[in-house]
Amino acid sequence: MDARTGAADGRGPVAAGKGPGPDESVPGSATASFLAHRNLLFTVAYEMLGSAADAEDVLQETWLRWIEVDPAEVRDPRSYLVRMTTRQALNRLRVLSRRKESYVGPWLPEPLLTTPDVAEDVELAESVSMAMMLVMETLSPTERAVFVLREVFAVGFEEIAAAVDKSPAAVRQIAHRARRHVDARRPRAVVSPARARAAVESFRRALETGDLQGLMDVLAPEAVLVADGGGVKQAGPRPVVSADKVARLIVGGIARQGVTVTGTPTVVNGDPALILRLDGEFDGVLTFRVEGDRIADLYYVRNPEKLTRLGSGTALSRR
């Protein structure tokens with residue numbers, strides 16, 4: 001199964017919601033175990049990588065290794081699969097780290113249209129939010145793996161040690177260091193979904209009407225706008241800071257282009273977001289971090305290579 005297209009290749013059920021391929025040599029128990037934990041494995045890989053496309057590739061690699069494992073050697077399929085996924089994701093993360101060094105402009109995680117249950121799980125929603133994913137970008141690959149497994153999925157130190165090829169004592173130290181690092185940078189208290197939706201709705205109305213004062217009223221004084229075009233679409237080369245500058249950039253940009261902007265409310269990475277269209281043509285996804293009743297951060301993804309997971313909700317899981 002091709003992890004990106006969902007096409008059958010005869011090797012197994014990698015794509016979400018798909019059944020096994022025609023390769024009858026794969027034991028039914030192996031297929032059932034993989035499918036039972038697929039959403040969990042994807043979530044682990046995505047939180048480590050910030051890329052859904054790369055997470056799917058990791059699952060493909062995990063599947064191909066899983067079907068070669070002797071079932072008699074596996075006591076706990078969930079733990080075994082998480083360990084395999086973590087190892088593959090670590091390998092991929094080191095490659096991605098080098099790739100990001102030559103990325104054009106600011107880099108943002110690949111946005112996911114998430115299912116309603118993600119927002120209901122506060123810890124999961126925070127861990128996949130754009131703000132937290134960017135905080136985790138500041139960790140080393142091993143620190144990120146340890147932090148994700150321990151803090152998000154509550155994996156034991158011995159299991160993590162086996163996954164990252166470190167001693168349990170070393171993993172404890174890494175976990176402590178990573179937690180301290182994240183706590184110093186993590187977003188402030190998360191507001192209720194209702195308050196976040198209200199702030200985003202106020203922003204949407206002001207955006208669509210070109211209301212400069214309306215935008216400034218809903219933006220926090222030190223609001224930050226980060227745009228990711230990946231060198232494919234135009235985007236600012238660096239973050240824009242302050243409500244005044246962000247609001248004037250948005251209103252001025254719309255006026256210069258002479259276009260009509262519309263925003264369709266949705267939920268991306270567990271948070272309220274807008275799918276933006278210019279004169280009816282899809283342009284990108286704008287996600288937000290809300291503090292109190294105001295928007296503190298705006299993340300605008302325009303890079304088309306990162307906008308392929310918006311057709312339907314992506315199921316994420318911590319179990």
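- Between Phe34 and Leu41, some side-chain heavy-atom pair lies under the 4.5 Å cut-off.
- Distance check: Gln60 CD to Arg65 CZ gives 10.5 Å after rounding to the nearest 0.5 Å.
- Nearest approach of Asp217 to Arg294, heavy atoms of both residues: O-NE, 3.3 Å.
- The local environment of CD in Gln213 is crowded, with over 12 non-hydrogen atoms from other residues, nucleotides or ligands closer than 6.0 Å.
- For Trp66 (side chain) and Leu81 (main-chain N/O), no donor-acceptor pair under 3.5 Å exists by modelled atom type.
- Note on Val182 and Leu134: separate hydrophobic clusters, where clusters join Ile, Leu, Val, Met, Phe, Trp and Tyr whose side-chain heavy atoms are under 4.5 Å apart, directly or indirectly.
- By the rule that hydrophobic residues join a cluster once side-chain heavy atoms approach within less than 4.5 Å of another member, Tyr299 and Val200 end up as members of separate clusters.
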query = Should Asp293 and Arg195 be marked as a side chain to side chain contact (heavy atoms under 4.5 Å, CB included) after you check the CA-CA gap, both sets of side-chain angles, and the distance that decides it?
reply = CA-CA 6 Å; Asp293 296 315; Arg195 293 179 73 182; 3.2 Å; yes
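- With Pro187 as reference, Met132 is the one residue of Glu291, Met130, Met132 to meet the side chain to side chain contact (heavy atoms under 4.5 Å, CB included) rule.
- Between Thr264 and Arg277, the side chains place a donor N or O and an acceptor N or O closer than 3.5 Å (distance only, hydrogens not considered).
- Nearest heavy atoms, Thr114 versus Gly270: OG1-N, 3.0 Å.
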task = Take Glu159 and Val82, measure what side chain to side chain contact (heavy atoms under 4.5 Å, CB included) needs, and give me the verdict at the end.
result = CA-CA 9 Å; Glu159 288 185 41; Val82 167; over 6 Å; no
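- Atom-to-atom distance recorded for Arg302:CZ and Leu108:CG is 13.0 Å, nearest 0.5 angstrom.
- Looking at residues two or more places apart in sequence or on another chain, you find a side chain to side chain contact (heavy atoms under 4.5 Å, CB included) between Ser140 and Thr142, Glu143.
- At least one side-chain heavy atom of Met216 sits less than 4.5 Å from a side-chain heavy atom of Leu212.
- Counting heavy atoms from C-beta on, the side chains of Leu276 and Leu207 come closer than 4.5 Å.
- Put simply, the side chain of Thr287 never gets that close to the backbone of Ala273: no donor and acceptor are under 3.5 Å apart.
- Listed here is the closest heavy atom pair of Pro141 and Leu93: CA-CD2, 3.5 Å.
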query = Checking side chain to side chain contact (heavy atoms under 4.5 Å, CB included) for the pair Arg99/Asp54: CA distance, chi angles, key distance, verdict?
reply = CA-CA 12 Å; Arg99 190 188 306 169; Asp54 286 290; 4.0 Å; yes
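- Scanning all heavy atoms of the two residues, the minimum distance from Val226 to Pro106 falls at CG1-CB, 3.6 Å.
- Distance check, rounded to the nearest 0.5 Å: CG of Asp271 to OG1 of Thr266 gives 11.5 Å.
- Atoms CG and CD1, on Leu310 and Ile275 in that order, are 5.5 Å from each other to the nearest 0.5 Å.
- Here Glu56 pairs with Arg38 in a salt bridge; the nearest charged N to carboxylate O distance falls below 4.0 Å.
- Distance alone, capped at 3.5 Å, is enough to place a donor-acceptor pair between the Thr138 side chain and the Val135 backbone.
- Between Arg186 and Asp183 there is a salt bridge, since at least one side-chain N of the basic residue sits less than 4.0 Å from a carboxylate O of the acidic one.
- Contact record, Ile295 with Ala223: O-CB, 3.7 Å, taken as the closest heavy-atom pair.
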request  = Could you give me the CA-CA distance, side-chain angles and deciding distance for Glu208 and Arg204, then say whether salt bridge (Lys or Arg N to Asp or Glu O under 4.0 Å) is met?
outcome  = CA-CA 6 Å; Glu208 294 184 346; Arg204 185 191 67 80; 2.8 Å; yes
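- Across every non-hydrogen atom of Gly214 and Ala206, the tightest pair is C-CB, 3.7 Å.
- Remark: Asp70 engages no residue in a side chain to side chain donor-acceptor pair (under 3.5 Å) (not counting sequence neighbours).
- Counting heavy atoms from C-beta on, the side chains of Ser317 and His37 never come closer than 4.5 Å.
- Here the side chains of Val128 and Leu112 are not in contact, with every heavy-atom distance at 4.5 Å or above.
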inquiry  = Under the criterion side chain to side chain contact (heavy atoms under 4.5 Å, CB included), I'd like the reasoning laid out for Thr314 against Tyr46: C-alpha separation, chi angles, the key distance, then a yes or no.
reply    = CA-CA 11 Å; Thr314 298; Tyr46 175 72; over 6 Å; no
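- With salt bridges taken as basic N to acidic carboxylate O contacts below 4.0 Å, none links Arg309 and Glu110.
- Taking CG from Leu286 and CD1 from Ile250, the interatomic distance works out to 7.0 Å, rounded to the nearest 0.5 Å.
- Connection of Leu139 to Val146 is established within a shared hydrophobic cluster, with ILVMFWY side chains joined at heavy-atom distances below 4.5 Å, either directly or through further cluster members.
- Hydrophobic clustering (side-chain heavy atoms under 4.5 Å, transitive across Ile, Leu, Val, Met, Phe, Trp, Tyr) groups Ile254 together with Leu298.
- When side chains are defined from C-beta on, Leu215 does not count as touching Asp211, because their heavy atoms never get closer than 4.5 Å.
- The backbone N or O of Thr260 sits less than 3.5 Å from a side-chain atom of Asp279, completing a donor-acceptor pair.
- Salt-bridge formation is not detected for the pair Arg98/Glu101: no Lys NZ or Arg NE/NH1/NH2 atom is positioned less than 4.0 Å from an Asp or Glu carboxylate oxygen.
- Using a distance-only test at 3.5 Å, with no hydrogens or angles considered, no donor-acceptor pair links the side chain of Thr43 to the main chain of Leu316.
- Partners of Glu61 under the salt bridge (Lys or Arg N to Asp or Glu O under 4.0 Å) rule, at least two apart in sequence or in another chain, are Arg92.
- Two residues are said to be in side-chain contact when any heavy atoms from C-beta on lie closer than 4.5 Å; Leu90 and Arg87 fail this criterion.
- Residues Thr85 and Val58 have side chains in contact (heavy-atom distance under 4.5 Å, counting atoms from C-beta outward).
- Applying the ring pair (Phe, Tyr, Trp, His ring centres under 6.0 Å) test to residues at least two apart or on different chains, none of the pairs has a partner in residues 145-167.
- Evaluation of the salt bridge (Lys or Arg N to Asp or Glu O under 4.0 Å) rule for Arg144 yields Glu137 as partners, not counting sequence neighbours.
- Distance check, rounded to the nearest 0.5 Å: CG of Asp76 to OG of Ser33 gives 10.0 Å.
- Under the 4.5 Å side-chain heavy-atom criterion for grouping Ile, Leu, Val, Met, Phe, Trp and Tyr, Val241 is not connected to Phe288 through any hydrophobic cluster.
- Distance alone, capped at 3.5 Å, places no donor-acceptor pair between the Arg150 side chain and the His176 backbone.
- Under 3.5 Å, the side chains of Tyr103 and Asn303 contain a donor-acceptor pair of N or O atoms.
- Within the structure, every pair that satisfies the salt bridge (charged side-chain N to carboxylate O under 4.0 Å, His left out) test and touches residues 224-246, not counting sequence neighbours, is listed here: Asp228-Lys306, Asp244-Arg248.
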